[in-house]
Amino acid sequence: MKICVLVKEVPDAAVQKRIDSNTMRLDRSGEKNLNPFDTHAIEAAMQIKEGGAIPVEEVVAVTMGPDSAVRALHKAVALGADRSVHLSDDALAGSDVCATGYSLAKVLESESPDLVLLGQQSDDGECYTIGAVVADHLQMPSLTQVIKIDVTDGKLRCERQAEYGYDTVEVELPAVISVGDAINEPRYPSLKAIMGAKKKPLDGKATADVGIDGGQVGEAGSKTSVLALNPPPAKEAGEIIEDEDTNETVEKIVAWLDERKLI
Amino acid sequence: MAGILTYALHDDEGNFNKNSLGAISESKKLADQIGGNAGVMVVGDISDEACASLGNWGAAKVYRAKDVPEGLAQPIVDAMAKVIQDEGFSYALFGGGLLGFEIGAGLTARLGAGVTMEVTQVKVQDGKLVAERPILQDSQIADVGYVSEPGIIIGRLNAFDTVESGGTAEVVDVQVELSSWSTKATMVQRGEQRGADVNIEDADILVGGGRGLGAAEGFKQCEELAEAMGGAVAATRAVVDAGWYPYSTQIGQTGKTVAPKLYLAAGISGAIQHKVGMQSSENILAINKDQNAPIFEFSDLGVVGDLHKIVPKLTEAIKAKKGG
Ligand SMILES: Cc1cc2nc3c(=O)[nH]c(=O)nc-3n(C[C@H](O)[C@H](O)[C@H](O)COP(=O)(O)OP(=O)(O)OC[C@H]3O[C@@H](n4cnc5c(N)ncnc54)[C@H](O)[C@@H]3O)c2cc1C
């Protein structure tokens, strides 16, 4: 089978994220990295491939994003993907969730995957929804927030936490599964894999190559628009103690608890 | 009709979810302002009486799809897409929770609809709904409007309060044809409880432990501190998923919601999904070695330091004080 893993380039965790007040979009000028949640999806793909319960011919990393997103694909390949696909087009800039999900579904369609894996959220957008949007376009069953996948009889047995406790769900292939970060501990890429990543095939695609209707993407094709950005309501800042002398710190904590009659 | 459709989630016994009831009350309030009705989707074999009782929270009409299974999103997408199209609803609104996210996302694709998630408040501007969504770790709030109808709004957990009015809803049955892909995921087991049945909702003092404890053994310190203070121990999803502590103690979006007199968070970053489960605590005390941890933004007392040094000494000090 063929597994496609959706990945995204996001601002590095150490970068203070801000919104560009002119475009109302995230300022993406700083240091960037592969979305940490996606490394769990790649690892899940590798474990299915290595697990042997179902033969996996290929793991393909797929992204949509500007030119710089190539680096996220190189990282994905260093972590084990066999090749990658990069959907990039100026027409896509400013796409909302609806437009992004549609575009990703179109590029995936051109790959005909048996399984699409992705991380539960992106570090910057925190939308949690892309997997379910993509799945409906591809007309595939889907689950999000999955923390365990077992392959049996050509089907996936998935576990996740839902509103009332743990749910176990059986999913037929092809399917779209978004994974939680508890599903695995991603491996570190070997130096050899990092060095070799740039030599693995990377397909660049524009919207026309995968049949994307230009009217449905980008800022103009989006169905939501940000009307305003406001600061959050001011809240009273709490007291802060820096622990220098722990005995003193503990004394202060005990006094604070005592004042509030909590001891 | 500029109505708003919500979805009422229920457990296997037919009890409706509190966040769903909040979403119904919110949509009733908003529908009144935009001149429409609050409709509610219910799936599964729920009695006329139970469906009609949703009127108490503001539902005007309940659309019941008896043959559609509860618990997985895609069959409910089929049902809600049909009702939205047949009845001309302008918006779909969901209370917080996993299924609401998935159904809302599915509707986005199916209906080509705009979607906003993690919404904390909804307002009316020029007869249309505008969703307020905190972004970038809640450092800014975006006002999001919809270019076309329908628009999908997915609330943050506990964002919408329940309001009881004593009304009764009209109940109609709808026939839904499921999409071929909607039947390809099947529930094997729903709502399995793992770990001992502990009651943390009633505790006055909770010591919450997170990934900062370093290992499952780290919870011992929390247990000793909780014992000294006469409280119980709670956990984040990160440590529950890692198998360090039982699910029954998990606080947050997919766990329990608590409001003790004191919530002492040790090695917890304060992610939004955790915060929604404990932010109503009377006093929040956080110990975290990272001075930029989000938890310090909503704690009453923040201690920047290594919990492994502080917690054992704090336990001793409290024992000494209680003993003396
Ligand atoms: C849809 C969804 C639902 C979710 N539901 C829930 C939920 O119900 N409940 C929940 O809790 N989470 C939930 N999460 C997960 C949530 O986003 C966070 O990942 C989780 O709460 C993080 O747990 P944590 O604080 O233990 O770990 P981390 O975020 O890893 O934080 C660990 C903290 O410990 C600190 N630390 C490390 N070492 C020390 C030390 N020696 N001394 C002091 N401090 C130290 C670090 O500075 C850090 O701030 C959900 C996520 C999603 C996407």
Side-chain angles (χ1 to χ4, degrees), chain A residues 17 19 96-98 101-102 126-129 132-133 136-137 139-145 147 157 161-172 175 180 182 216 222-232 235 238-243 246-247 249-251 253-254 256-257 260 262-263, chain B residues 9 11 17 72-74 77 97-99 101-102 105-106 108-110 112-117 130 134 136 138 140-148 181 184-194 241-242 254 261-262 283 296 299-305 309-310 313-314 317-318 321-322:
Chain A
K17 298 181 198 66
I19 299 287
D96 69 355
V97 170
C98 184
Y102 162 73
E126 299 175 312
C127 294
Y128 316 101
T129 41
V133 178
D136 203 75
H137 281 299
Q139 308 199 335
M140 291 181 186
S142 106
L143 276 188
T144 66
Q145 312 269 336
I147 55 165
R157 211 181 163 87
Q161 281 190 21
E163 336 294 320
Y164 300 112
Y166 286 87
D167 288 356
T168 304
V169 183
E170 195 169 78
V171 185
E172 287 177 40
Q216 291 191 48
S222 289
K223 301 291 166 56
T224 51
S225 70
V226 176
L227 307 174
L229 284 173
N230 299 305
K235 52 183 169 336
E239 200 179 318
I240 294 280
I241 305 175
E242 304 263 354
D243 177 39
T246 303
N247 290 330
T249 302
V250 165
E251 247 172 62
I253 299 174
V254 170
W256 184 89
L257 292 170
R260 284 160 185 77
L262 294 166
I263 301 184
Chain B
L9 168 75
D11 65 14
N17 174 275
L72 291 174
Q74 286 169 308
V77 173
L98 182 58
L99 235 47
F101 269 82
E102 291 184 335
T108 297
R110 192 73 62 85
V115 62
T116 314
M117 60 295 295
V130 172
L136 303 183
D138 288 9
Q140 300 219 52
I141 300 192
D143 279 2
V144 182
Y146 294 85
V147 175
S148 56
W181 62 96
K184 293 199 166 131
T186 39
M187 187 74 79
V188 177
Q189 185 176 27
R190 186 180 185 208
E192 183 195 346
Q193 300 302 312
R194 294 181 183 171
D241 280 346
T254 41
K261 290 205 173 87
L262 173 69
N283 295 283
F296 289 136
S299 50
D300 302 292
L301 179 63
V303 181
V304 183
K309 275 167 48 189
I310 299 165
K313 284 200 173 171
L314 181 59
I318 288 170
K321 187 160 174 73
K322 279 197 162 173

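A note on names: the letters A, B, ... follow the listed sequences, proteins ahead of strands, and every chain is numbered from 1. Any value given below was found using the heavy atoms of this structure, including those in side chains, with hydrogens, waters and symmetry copies removed.
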Side chain to side chain, [X] and [Y], heavy atoms closer than 4.5 Å:
{"X": "B:Leu72", "Y": "B:Thr186", "answer": "no"}
{"X": "A:Ile253", "Y": "B:Ile310", "answer": "yes"}
{"X": "B:Leu98", "Y": "A:Tyr128", "answer": "no"}

Under a 4.5 Å heavy-atom cut-off, does chain A meet the side chain of [X], its backbone, both or neither?
{"X": "B:Glu102", "result": "both"}
{"X": "B:Thr108", "result": "both"}
{"X": "B:Met117", "result": "side chain"}
{"X": "B:Ala113", "result": "backbone"}

Flag the one option from [options] with the top tally of heavy-atom pairs under 4.5 Å to chain A.
{"options": "B:Gln193, B:Lys261, B:Lys309, B:Arg110", "answer": "B:Arg110"}
{"options": "B:Gly305, B:Ala73, B:Gly106", "answer": "B:Gly106"}
{"options": "B:Gly191, B:Ser148, B:Gly114", "answer": "B:Gly191"}
{"options": "B:Thr254, B:Ile318, B:Asp300, B:Val130", "answer": "B:Asp300"}
{"options": "B:Gly97, B:Ala317, B:Ala242", "answer": "B:Gly97"}

Report the option among [options] that has the most heavy-atom pairs separated by less than 4.5 Å from atoms of chain B.
{"options": "A:Val171, A:Leu227, A:Val254", "value": "A:Leu227"}
{"options": "A:Glu242, A:Glu170, A:Arg157, A:Glu251", "value": "A:Glu170"}
{"options": "A:Asn247, A:Ile240, A:Leu143", "value": "A:Ile240"}
{"options": "A:Val133, A:Asp136, A:Thr129", "value": "A:Asp136"}
{"options": "A:Val250, A:Asp243, A:Leu257, A:Ile241", "value": "A:Ile241"}

Against chain B, label [X] side chain, backbone, both or neither, depending on which of its atoms sit under 4.5 Å from a heavy atom there.
{"X": "A:Ile19", "answer": "both"}
{"X": "A:Ile147", "answer": "side chain"}
{"X": "A:Thr249", "answer": "side chain"}
{"X": "A:Gln145", "answer": "side chain"}
{"X": "A:Ser142", "answer": "both"}

message: Test your reading of the model: is there a side-chain donor-acceptor pair from A:Asp96 to the backbone of A:Thr224, 3.5 Å cut-off?
response: yes
query: Does the B:Asn283 side chain pair with the main chain of B:Leu262, one donor and one acceptor, at a distance under 3.5 Å?
result: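 No.
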